[in-house]
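What follows is a single structure, written as C-alpha cells, with notes after it.
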2 protein chains.
Amino acid sequence: MENLSIKPIVPATSLRTLAYEALKSAITNMDIYGAAGDVRLDERGLSQTLGVSRTPIREALTVLEQEGFVRNEPRRGVFVVKKTKREIVGMIQAWAALESMAARLACANAPDEDLACLRRTFPEFFEGQPFDHLDEYSEANIRFHQKIIKLGGCAVIQDLCGNLLVHVRGIRNTALRQGERALESIREHVRIIEALEARDADLAERLVREHGLGLAAHVERYGDHLD
Amino acid sequence: MENLSIKPIVPATSLRTLAYEALKSAITNMDIYGAAGDVRLDERGLSQTLGVSRTPIREALTVLEQEGFVRNEPRRGVFVVKKTKREIVGMIQAWAALESMAARLACANAPDEDLACLRRTFPEFFEGQPFDHLDEYSEANIRFHQKIIKLGGCAVIQDLCGNLLVHVRGIRNTALRQGERALESIREHVRIIEALEARDADLAERLVREHGLGLAAHVERYGDHLD
DNA sequence: GTCTGGCATCTGGTATGCCAGAAACCAGGG
DNA sequence: CCCTGGTTTCTGGCATACCAGATGCCAGAC
C-alpha cells in the first residue's frame, strides 16, 4: 500500500481561475500605452471568446479590479487601467519599503547557507559586461529582488511584492536600457549581497532602499511617456 | 445656471458593495478566536439573511477572499480565516516597512503646515496619563499612524496599509493593554513627531520602523493566544 | 446646418435554475 | 460493536434569463 505512490489528484482548476489567468496574462502582455483611447473588456465578448459563461468571467474581473489591473465603471464596462507615472513611482516606493524590510529580516533570520548561496546564484553580477544579453540580465535582476524578498521569510511581504512586481515588471526592464543604469544597478546588487553576507541589517536595508528609490527617481525623471 | 449648485447624484451603491461591507464588518467585529471550530459562511443562508440573491454575495466573498478575510474551499464552503500569530507578525512587519517609508517621504515632501499640525492634532501625546480613557487613546493611536501614512503622500502605501490595518486593528488594541506598552508607545510617538518636524528623514524612518517592529516583537512574545 | 428629444440597442447587475462534488446518514454484514 | 457501501441531502460552480441604466442614432424643429 505504501509503495503505490498515490498522489493527491488535481482539483481541476476552476473556470474562474482559468479565466483570471487568461485575462491577467493578456493584460500584462499587451502594450497598454500604445492604444490611444481606453481599452474596454466586454463581458459577453470575453465569455464567447473563452467559451465559458459570464459568471466566471465576472468573478475573474472582480479579482483583477481588486489587484488594480482593471477599473469597473457601473453600467459602462470594465477598462484596462493605464497607470500614471505617479502611480508607478508610488508602487516602486512601496516596493522599496517592503524589500528593504525583507533585507533587514533576512539579516536577522535567514540561515547562513541561504545567504551564502546568493553569490553563487547570481554569478552574472560579479563578471561585468552583461550588455550582450540584456534580456537575460533583466530576468536575473528580477529574480535577484525576489530572492531577497524570499530570504526575508515574511509571507505577507512576499505577497504584497508579488502583486507590485507584475505591475512594474515592464517598467523595470525599459529603465535598465536608459543610460548607465544597468552598470550602476549591478554594482549596487553586489554591495547588497555583501551587506547581507555580513548580516549588516542597517546597511543592507539602506542599500536596498536606496536602490529602489533610485529607480523611483529615475522613473520620476524619465517616465513621462507613461502619462 | 451657475448658482443652481447641482451636484452629481449618487450612483446608488450596488448590492455587491453593500453585501461586501456588511460581511466585512460582520467578520471584523466578530470574535474569531472565541469560536472553537472553523466558522463557515453559507452562501444561501447569507443571501436569505441579507435579502439579495447569491450573485452579489458571491462577488463580495470573492473580494473578501482576495483581501485575506475568508478562505474558499471548492465544493466545501467559505470559511472565516483565523490568522496565525506568524501571519499577524508578518502583517505588522510589512506595515512597519510601509509606514517608515511614508515617514521618510513625508520628511521629503509634506508641506510645512501639515507637519506642524501633527502636534496640535494629537495633544493627548503631550499630556501624559491617558489611562483613564484607554479606548479613546487607542483610537488616537490608530489615527496617528494613519496620519503619518497620509503625510507620505503615496497612494499605493496608503492602500496597502489600509488593508493591513483592518486585519491588525484588534491586536493593536489588546497589545496596548499589556504591560507598559501604552506609555512607551506615547513616548515613541512624541519622538516621531519631533523627527518629522525637524524633517530628519533617517531618524523619522528609524523611529517609525522600531516602533512598528517593537509591536511585532511584542506580539511574537505574548501573542500565543492567537494560535 | 444644428440642436433636441425619443427610440433602438447594447451592457452590466441581479436573480434563478441546474449540475457535480462532498458530507451526512443509514442499513447491512462481519 | 465497528466497519463498509450506498443513498440522500446539501453546497458551491456555472449557465442563463431578465431588468435597468447608458449609449448612439435618427427624425423633426428651428
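All chains are named by letter (A, B, ...) in the order of the sequence lines, taking the proteins before the strands, and each is independently numbered beginning at 1.
- We find that OH of B:Tyr20 is positioned 20 Å from C1' of C:dT14, with the value rounded to whole Å.
- For A:Glu99, the side chain to side chain donor-acceptor pair (under 3.5 Å) partners two or more places apart in sequence, or in a different chain, are A:His145.
- Heavy atoms of A:Ile57 sit nowhere under 4.0 angstrom from any nucleic acid atom.
- At a cut-off of 3.5 angstrom, the base of D:dG12 holds at least one donor-acceptor pair with the side chain of B:Arg44.
- Atom CD in A:Glu73 sits roughly 11 Å away from atom P in C:dG13 (whole-Å rounding).
- The shortest non-hydrogen separation linking A:Leu23 to A:Ala60 is CD1-CB, 4.2 Å.
- Within the nucleic acid shown, A:Arg54 comes within 4.0 Å of at least one base atom, counting heavy atoms only.
- As a whole-Å value, the separation of A:Leu15 CG from C:dC18 C1' is 15 Å.
- To the nearest angstrom, P of D:dG12 lies 9 Å from CG of B:Leu46.
- Checking the phosphate oxygens (OP1, OP2) of C:dA15, a side-chain nitrogen or oxygen of B:Ser53 falls inside 4.0 Å.
- Using a 4.0 Å heavy-atom cutoff across all strands shown, A:Leu61 reaches no nucleic acid atom at all.
- Within the nucleic acid shown, A:Arg58 comes within 4.0 Å of at least one base atom, counting heavy atoms only.
- For A:Asn72, the listed nucleotide lying nearest its side chain is C:dG13; candidates were C:dG13, C:dT11, D:dA15.
- Where A:Arg76 and A:Thr55 each meet DNA chain C at their nearest nucleotide, the meeting point lying more 5' is that of A:Arg76.
- Contact detail for B:Lys85 and B:Glu220: the closest heavy-atom pair is NZ-O, 2.9 Å.
- When the P atom of D:dA22 is taken as reference, atom CD of A:Glu43 falls 16 Å away, rounded to whole Å.
- You'll find a donor-acceptor pair under 3.5 Å spanning the side chain of A:Arg75 and the base of D:dA20, going by distance alone.
- Note on residues 40-49 of chain B: pairs passing salt bridge (Lys or Arg N to Asp or Glu O under 4.0 Å), not counting sequence neighbours, are B:Glu43-B:Arg54, B:Glu43-B:Arg58.
- If you measure from atom CG of A:Asp42 to atom C1' of D:dT23, you get 14 Å, rounded to the nearest angstrom.
- Between A:Arg16 and B:Glu65 there is a salt bridge, since at least one side-chain N of the basic residue sits less than 4.0 Å from a carboxylate O of the acidic one.
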